[in-house]
Amino acid sequence: MSVHEPASVKPPGPQTRGGGLSAASRAEIDGLRERYPTTEAVLLPALHIAQRQWGGWLPDEAITAVAEALDLPVARVYGVVTFYDLFHQKPVGRHRIRVCNNLSCQLRGAEEILEVLHRELGVGEDEVTPDGRCSYVHFECLGSCDTAPMMMVDDEYHENLTPNRVRQVLKGLK
Amino acid sequence: MAAKFEPVLTRNVGKPEALTLKGYRQLGGYEGLAKALTMEPDAVIDEVKKSGLRGRGGAGFPAGMKWSFIPKGKDKPKYLVCNADESEPGTFKDRLLMENDPHQLIEGCAICCFAVSAATCYIYIRGEYTKSAVILERALKEAYDAGILGDNVLGSGFKLNMYVHRGAGAYICGEETGMLESLEGKRGQPRVKPPFPAVVGAFGAPTVINNVETLCNVPHIITRGADWFKSIGTDEKNTGPKLYAISGHVDRPGTYEHPIGITFREMLDAAGGMWHGRQLKAFIPGGASAPILKPDQIDLKMDFDTVAKAGSMLGSAAVIVMDETTCMVRSVARLSKFFNHESCGQCTPCREGTNWMELVLDRLEHGEGTERDSQLLLSICKNIGGQSLCALGDAAIGPVKSLVDRFPEEIEQHVRNRACPFPRPRYFENGA
């Protein structure tokens, strides 16, 4: 049995331009087939893998490449991509910041965390900083209500935030 | 009983050795699985039935009964799907279990698979829980290497494969049939029931779907017996240890393990009481879907049936506490925004209704509401309730109805003042 580290844990690979799925991505996807009785079931993991290859989002060519690899209609894959919040159809920053502002975090100051990000990064939600470094969005509950307010930077949780801690975290992002 | 209660599910939290197979075994791990493998599968189901264990994901359905619905025999494939899609606002207990004691979950899953003769288990984990997924993958590898999973589980001849399957950000995939659709590589839109998953589940085969916490109880029930499990709790129908995730305006938010049926007051005390010593204004006993309760229910026993009788639900036991400074309209507006965002769009009453609820609550909060808005909200609730395929619609109306029923004066104030009467709280001084 091959152990499959969740796709987004690995650092993003170089952005692909017109090359379709890389050999590594393809191998990773093929390695997952034995886990499921249908090829279709590989779609979500395959999209995670493709999104990593394309630097955090899924341009049309990525969607087409995954559809071809799994022998699925492009429309089916597109329908799945648009359903899930973690799949992006427009470019994102090298670092993706998600701030939970659902009720438990709202009760502990999440709105102020969003204000700090807006001030420090100088862009609105879902926009990328001019240097391509960061993008941020508010997000539904991330399951860290006891350490509110919190945000997720790429795959890492930053908890018990204060405006100063947010500024520190931002400084550490290259 | 509370004084003598020893943690069961969280006993290994804070013991880093539990993350390794060796450490987990030294702490008594996999004894439940070894014992189960010496029993008849039906005897395992009976023991779980006898324990009274009810699903910890929200619905509280008896776990053993769910298992017994699976057709017998080994001729056709069957599946266990562990629901690790913990997305209910306010809930964070399953993450604690997965990050601190992954083998406990694997053991629970393995016992369930043996009991229902399932050869494959998928742990469907929400896409955001990357850390939990990595920890579980490592633990699974260790379990395979040690022969706890694979072709010959602990030398018993029982074959079992177990995989982590990551979601991609959708609350509705925590609904059991939405989860199955998602597992199969589709949009997570819930299915028409019946047929129920026990008959037609994952890939068309009979399937058990249980929550993480539910399955983590199983090794202990097998090791220590149903009678021990039943000795904890309120009554025959509310048994065992329970994780309560408490957040919001309490001094020490966190996951606390108590015997099921502890009162809200006791739970609040265990969490250090109210934040900054303020007054309790409202609490949600079971996650965003549960109707909001007022302080007059402070002595409520937090079990399935008592909370239901009080007009709310225990749900996933995610307790959100709000103090006197909280605007209830703003709070419920936030929850409605959530349900609107997460409605899968399949059923018109839920898709349109959740949108209207958000709009009406938002205008109330911004001082643009009218005196008819309370009635309008109730009318929307009436048109959503019971009108959609899954429980999301009903969940969405819970907080809204309780706002109108239990906090009418606050809605009136918003209308009369043409503004929110509560100053917007600032949590951090001088931007620090």
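Only heavy atoms go into these numbers, but all of them, side chains included; no hydrogens, no water, no symmetry mates. The chains referred to below are lettered A, B, ... by the order of the sequence lines, with proteins before strands, and numbering in each begins at 1.
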* Derivation of the salt bridge (Lys or Arg N to Asp or Glu O under 4.0 Å) call for A/E115 and B/R424 -> CA-CA 14 Å; A/E115 286 164 20; B/R424 185 61 55 91; over 6 Å; no
* Structure fact -> Comparing A/L142, A/L107, A/V166, A/L47 against chain B, the one with the most heavy-atom pairs below 4.5 Å turns out to be A/L107
* Sort B/F203 into side chain, backbone, both or neither according to what part of it lies under 4.5 angstrom from a heavy atom of chain A. => side chain
* To do: Check the surroundings of atom CG in A/D131: do more than 12 heavy atoms from other residues, nucleotides or ligands lie under 6.0 Å from it?
  => yes
* Asked: Angle class for the B/Y129/A/Y157 ring planes (parallel below 30°, perpendicular above 60°, tilted otherwise)?
  -> perpendicular
* Test log, rule side chain to side chain contact (heavy atoms under 4.5 Å, CB included), inputs B/L183 and A/L44 -> CA-CA 8 Å; B/L183 172 66; A/L44 255 64; over 6 Å; no
* To do: Could you go through the side chain to side chain contact (heavy atoms under 4.5 Å, CB included) check for B/F92 and A/C141 one step at a time?
  => CA-CA 9 Å; B/F92 44 92; A/C141 186; over 6 Å; no
* Residue, of A/V81, A/L103, A/V80, that accumulates the most heavy atom pairs under 4.5 Å with chain B -> A/L103
* Heavy-atom distances under 4.5 Å only: say whether B/L149 touches chain A with side chain, backbone, both or neither. => neither
* To do: Tell me, for B/Y171 versus chain A, whether the close heavy atoms (under 4.5 Å) come from the side chain, the backbone, both or neither.
  => neither
* Structure fact -> Okay, B/T325 and chain A: the region with an atom under 4.5 Å from a heavy atom over there is neither
* B/P425, part contacting chain A, at a heavy-atom distance under 4.5 Å -> backbone
* Asked: In terms of heavy-atom proximity below 4.5 Å to chain A, should B/S331 be classed as side chain, backbone, both, or neither?
  -> both
* Among A/A148, A/C105, A/S104, single out the residue with the greatest number of heavy-atom pairs under 4.5 Å to chain B. => A/S104
* Asked: Would a distance-only check, ignoring hydrogens and angles, find a side-chain to backbone donor-acceptor pair under 3.5 Å from A/R108 to B/G248?
  -> yes
* For the pair A/S144 and B/R95, evaluate side-chain hydrogen bond (donor to acceptor under 3.5 Å, both in side chains) and give the outcome as yes or no after the intermediate values. => CA-CA 9 Å; A/S144 195; B/R95 186 161 76 93; 3.1 Å; yes
* If you count heavy-atom pairs under 4.5 Å with chain A, which of B/T120, B/D94, B/V250 comes out on top? -> B/V250
* Asked: Is it the case that more than 12 heavy atoms not belonging to A/Y78 sit under 6.0 Å from its OH atom?
  -> no
* Structure fact -> Answer key: most heavy-atom pairs under 4.5 Å with chain A among B/K93, B/E88, B/H165, B/K131 is B/H165
* **Side chain / backbone / both / neither for B/V321 at chain A, heavy atoms under 4.5 Å** => backbone
* Under 4.5 Å from any heavy atom of chain A - which part of B/I125 -> neither
* So which part of A/I113 gets closer than 4.5 Å to some heavy atom of chain B, the side chain, the backbone, both or neither? -> side chain
* Identify which part of B/K186 has an atom lying under 4.5 Å from any heavy atom of chain A, answering side chain, backbone, both or neither. => both
* Asked: Under a 4.5 Å heavy-atom cut-off, does chain A meet the side chain of B/E128, its backbone, both or neither?
  -> both
* Any chance you could lay out the side chain to side chain contact (heavy atoms under 4.5 Å, CB included) test for B/E342 and A/D85, step after step, and finish with the verdict? => CA-CA 10 Å; B/E342 300 295 345; A/D85 286 347; 4.0 Å; yes
* Using the side chain to side chain contact (heavy atoms under 4.5 Å, CB included) rule, take B/R426 and A/E112 through it: C-alpha gap first, then chi angles, then the decisive distance, then the call. => CA-CA 8 Å; B/R426 299 297 294 180; A/E112 283 162 76; 3.6 Å; yes
* Structure fact -> One option among B/A245, B/G185, B/G167 has the most heavy-atom pairs under 4.5 Å with chain A, and it is B/G185
* **Interatomic spacing from CG in A/L86 to OG1 in B/T130 - rounded to 0.5 Å** => 8.5 Å
* Asked: Does the B/Y163 side chain pair with the main chain of A/Y36, one donor and one acceptor, at a distance under 3.5 Å?
  -> no
* Asked: Which residues pass the side-chain contact (heavy atoms from CB on, under 4.5 Å) test with A/E68, sequence neighbours left out?
  -> A/T64
* Structure fact -> Turns out that what part of A/R76 lies under 4.5 Å from chain B's heavy atoms comes down to side chain
* **Region of B/C173 that comes under 4.5 Å of a non-hydrogen atom in chain A** => side chain
* Is any NZ, NE, NH1 or NH2 atom of the basic residue among B/R334 and A/E140 found under 4.0 Å from an Asp or Glu carboxylate oxygen of the other? -> yes
